[in-house]
Amino acid sequence: MANTYNLNILKLEVKVLENELQDVVYIAYFKYTATSDDEMYTESCSGVAQIPAPDPNNFIPFEDLTEQDVKNWVYEIVNFENFKESLDGIISNKQHPTTEIKNVPW
């Protein structure tokens, strides 16, 4: 079975004023998490997405933003395939280790 993935938005950086718009989000800090199908293993990594300047006609005021709005922006910008591949590899190594530490035999 495949791992499941979750994107969490941690913080937003805003420009106080840009083209007469207030509190314009231009950076999103996020954590991307992979969880094994048996939920025994979880790995995550952090990232930063630079959000393009908004269309003034479709601008969403900061106080009206939803988590899904920001997630959609991040998904449009970030290629998560590399994140998935890396996290999947770490989880796979934990599920099927190729090395181990042992006590000395004496």
Side-chain angles (χ1 to χ4, degrees):
M1 293 215 161
N3 295 329
T4 56
Y5 307 94
N6 189 38
L7 173 63
N8 289 314
I9 305 301
L10 304 174
K11 293 185 183 210
L12 301 173
E13 201 163 328
V14 301
K15 293 181 181 178
V16 176
L17 191 63
E18 180 181 0
N19 297 327
E20 299 181 20
L21 301 173
Q22 291 185 336
D23 295 331
V24 177
V25 175
Y26 76 102
I27 294 180
Y29 298 88
F30 63 87
K31 181 169 83 169
Y32 196 65
T33 303
T35 303
S36 62
D37 58 338
D38 60 6
E39 297 184 355
M40 290 183 62
Y41 302 96
T42 299
E43 288 295 325
S44 61
C45 54
S46 298
V48 177
Q50 188 164 356
I51 310 298
D55 173 356
N57 296 323
N58 295 320
F59 179 71
I60 303 170
F62 186 83
E63 60 274 1
D64 294 338
L65 283 174
T66 66
E67 180 180 18
Q68 193 59 54
D69 291 329
V70 179
K71 282 183 176 183
N72 290 343
W73 297 341
V74 172
Y75 278 123
E76 287 178 17
I77 296 163
V78 177
N79 179 351
F80 283 101
E81 289 309 310
N82 291 338
F83 284 86
K84 287 180 180 180
E85 186 176 314
S86 177
L87 295 171
D88 289 349
I90 294 168
I91 288 174
S92 179
N93 286 338
K94 287 184 173 184
Q95 291 171 317
H96 312 286
T98 57
T99 62
E100 61 183 21
I101 297 174
K102 290 189 171 194
N103 291 324
V104 294
W106 56 89

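Heads up: numbering here begins at 1 and tracks the sequence.
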Carefully, step by step, assess Val25 and Val70 under the rule side chain to side chain contact (heavy atoms under 4.5 Å, CB included). CA-CA 9 Å; Val25 175; Val70 179; 5.6 Å; no

Could you give all pairs that pass the salt bridge (charged side-chain N to carboxylate O under 4.0 Å, His left out) test and reach residues 25-36, with sequence neighbours left out?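 Counting only pairs at least two positions apart or across chains, no salt bridge (charged side-chain N to carboxylate O under 4.0 Å, His left out) contact touches residues 25-36.
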
Compare every heavy atom of [Y] with every heavy atom of [X], then report the nearest pair and how far apart it is.
X     : Y     : answer
Tyr5  : Asp88 : OH-OD1, 2.6 Å
Ile27 : Ile51 : N-CG1, 4.2 Å
Asp23 : Phe59 : O-CZ, 4.3 Å
Val78 : Ala49 : CG2-CB, 3.9 Å

Can you give the donor-acceptor pairs under 3.5 Å from side chains of residues 11-22 to other protein atoms, not counting sequence neighbours?
{"unit_1": "Glu13", "atom_1": "OE1", "unit_2": "Tyr29", "atom_2": "OH", "d": "2.5"}
{"unit_1": "Glu13", "atom_1": "OE2", "unit_2": "Tyr26", "atom_2": "OH", "d": "2.7"}

Roughly how far apart are [X] [atom1] and [Y] [atom2], rounded to 0.5 Å?
X     : Y     : atom1 : atom2 : result
Ser44 : Asn8  : OG    : CG    : 9.0 Å
Leu87 : Thr33 : CG    : OG1   : 7.5 Å
Asn79 : Ile77 : CG    : CD1   : 12.5 Å

Using only heavy-atom distances, determine whether the side chains of Gln68 and Asn72 contain a donor-acceptor pair under 3.5 Å.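 Judged by distance alone, the side chains do pair up.
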
Membership question, hydrophobic clusters at under 4.5 Å side-chain separation (ILVMFWY): are Ile9 and Phe62 in the same one?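 Per the 4.5 Å side-chain linkage, Phe62 and Ile9 are co-clustered.
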
Asn3 and Thr35, any side-chain heavy atoms less than 4.5 Å apart: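 Thr35 does not reach Asn3 side chain to side chain.
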
Check: Met40 and Gln95 side chains under 4.5 Å, non-hydrogen atoms: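 No, too far: nothing below the 4.5 Å cut-off.
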
Give a yes or no on whether the backbone of Pro61 and the side-chain of Asp64 come within a donor-acceptor separation of less than 3.5 Å.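 The answer is no, because no donor-acceptor pair under 3.5 Å joins these two groups.
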
Heavy-atom neighbours of Glu63 CD exceed 12 at 6.0 Å: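 Correct, the count exceeds 12.
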
Report the residues that fulfil ring-ring contact (aromatic ring centres under 6.0 Å, His included) with Phe30, sequence neighbours left out, ordered by chain and then residue number.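 Once residues adjacent in sequence are excluded, the partners of Phe30 under the ring-ring contact (aromatic ring centres under 6.0 Å, His included) criterion are Phe80, Phe83.
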
Which residue in the set Asn93, Ile91, Ile90 passes side-chain contact (heavy atoms from CB on, under 4.5 Å) when paired with Tyr41?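 With Tyr41 as partner, side-chain contact (heavy atoms from CB on, under 4.5 Å) holds for just one option, Ile91.
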
